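The block underneath contains the structure these notes are about, expressed in structure tokens.
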Amino acid sequence: MNIVATLEKDITPDGSEYETVRQVIELISADYRDQPSLEAIAAELSQSPTQLQKTFTRWAGLSPKGFLQAVTLDHAKRLLRQEAMPLLETSIEVGLSGPGRLHDLFVTHEAMSPGEWKARGQGLTIRYGFYPSPFGIALVMATERGLAGLAFADPGEEKACLDDMTCRWPNAAYVEDSAATADYAKRIFEPGQWSADRPLRVVLIGTDFQVRVWESLLKIPLGMAVTYSDIAHDIGQPTAMRAVGAAVGRNPISFVVPCHRALGKNGALTGYHWGLTRKRAMLGWESAQV
DNA sequence: GGAATCATGTGAT
DNA sequence: ATCACATGATTCC
């Protein structure tokens with residue numbers, strides 16, 4: 001499949017391509033009403049238009065122009081339009097009968113017991129490592145039970161990013177260990193490694209409410225989106241949409257648990273822990289993967 | 001239309 | 001108790 005080709009080429013040793021992409025996205029989203037031309041954007045970044053076009057297309061599978069259209073309000077509404085609720089409900093059945101096929105990445109999940117959660121990570125050893133990814137530098141965290149955390153950073157922010165994650169489970173022991181995490185990084189960002197017989201194991205560490213929200217997120221297929229209130233309905237608490245927003249924001253395994261597919265009711269990208277630009281990048285990137 | 005305002009559940013202090 | 005929220009609907013100009 002050409003997704004694989006696209007991604008493999010994208011994973012440059014230093015992951016520098018996202019830096020260019022990030023700047024382009026910031027420019028076009030700053031004033032997308034003006035529909036900035038490719039030439040204007042290239043000039044702003046002091047690159048040649050053809051070079052920029054090539055870089056961007058290789059990353060997104062989509063020209064800057066196409067991407068621009070993909071991140072408008074209109075497009076976001078289109079993602080929501082296809083009846084979100086039935087969508088969530090039908091995928092429940094899938095989830096019950098074995099590993100779910102979740103955004104084309106096969107994931108089995110398990111939640112920590114309430115007792116383990118109260119211990120705030122006590123007795124848990126978490127191994128971590130940094131890796132280049134299509135969305136910037138990725139911090140991968142894992143326990144013996146499976147993938148526990150995935151975060152993103154721009155160059156130079158690695159420390160802040162690590163702090164952000166470690167303070168969620170302050171009593172855990174942290175070990176930098178690329179041997180234990182490299183396989184996860186590879187599996188996540190190389191779709192060729194996604195398969196049903198070797199599902200990605202994921203451990204959800206959070207409160208009962210949070211885990212229910214995250215499980216709901218896992219049911220959203222690639223290329224679609226739901227609103228925060230859709231999720232609230234799905235977990236049986238229709239009035240808790242605001243609480244859902246907070247829980248979505250606390251998702252420790254971004255991208256794998258697709259929190260970027262939660263939008264405001266009007267299609268606006270309301271917020272993202274790792275930066276709205278990255279949320280836009282993920283949605284635009286995914287819109288080309290269908 | 002857009003700003004101000006309210007109802008609202010969860011989690012941290 | 002109280003407060004801050006990645007919400008959403010309503011009510012004012």
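Protein chains get the first letters and strands the later ones, always in sequence-line order, with residue 1 at the start of each. Quick caveat: nothing in here was measured; it's all calculated off a predicted structure.
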Single-linkage hydrophobic cluster, 4.5 Å side-chain cutoff, A:Phe255 and A:Val140 together: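 Yes.
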
Earlier contact from the 5' end, DNA chain B, for A:Thr239 and A:Arg250: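 Its nearest nucleotide being more 5', the pick is A:Thr239.
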
Check this one for me: any side-chain N or O of [X] less than 4.0 Å away from OP1 or OP2 of [N]?
X        : N      : result
A:Lys279 : C:dA6  : no
A:Thr207 : B:dG11 : yes
A:Gln237 : B:dT10 : yes

Sugar-phosphate, base or nothing in reach of A:Ala243, heavy atoms under 4.0 Å: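 Since a base atom lies under 4.0 Å of A:Ala243, the category is base.
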
Sugar-phosphate, base or nothing in reach of A:Phe209, heavy atoms under 4.0 Å: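 Sugar-phosphate contact only - A:Phe209 comes under 4.0 Å of backbone atoms but never of a base.
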
Rounded distance (nearest 0.5 Å) linking atom CZ of A:Arg145 with atom CD of A:Glu116: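 Going from CZ on A:Arg145 over to CD on A:Glu116, the span is 4.5 Å.
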
Spatial distance of atom OG (A:Ser133) from atom CG (A:Leu139) [nearest 0.5 Å]: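 Between A:Ser133 OG and A:Leu139 CG, I get 11.0 Å after rounding to 0.5 Å.
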
Whole angstrom value for the distance that separates [atom2] of [N] from [atom1] of [X]:
X        : N     : atom1 : atom2 : value
A:Asn266 : B:dG2 : CG    : P     : 12 Å
A:Arg242 : B:dC6 : CZ    : P     : 13 Å
A:Leu80  : C:dA6 : CG    : P     : 19 Å

Carboxylate-amine/guanidinium contact A:Arg280 A:Glu26, below 4.0 Å: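 Looking at A:Arg280 and A:Glu26, the cut-off is not met.
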
A:Tyr228 (side chain) and C:dA6 (base): donor-acceptor pair under 3.5 Å: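 It does, because a donor-acceptor pair links the side chain of A:Tyr228 to the base of C:dA6 below 3.5 Å.
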
Base-pairing assignment for C:dC5 (Watson-Crick or G-U wobble, both under 3.5 Å):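 The base-pairing partner of C:dC5, which may sit in any strand shown, is B:dG9.
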
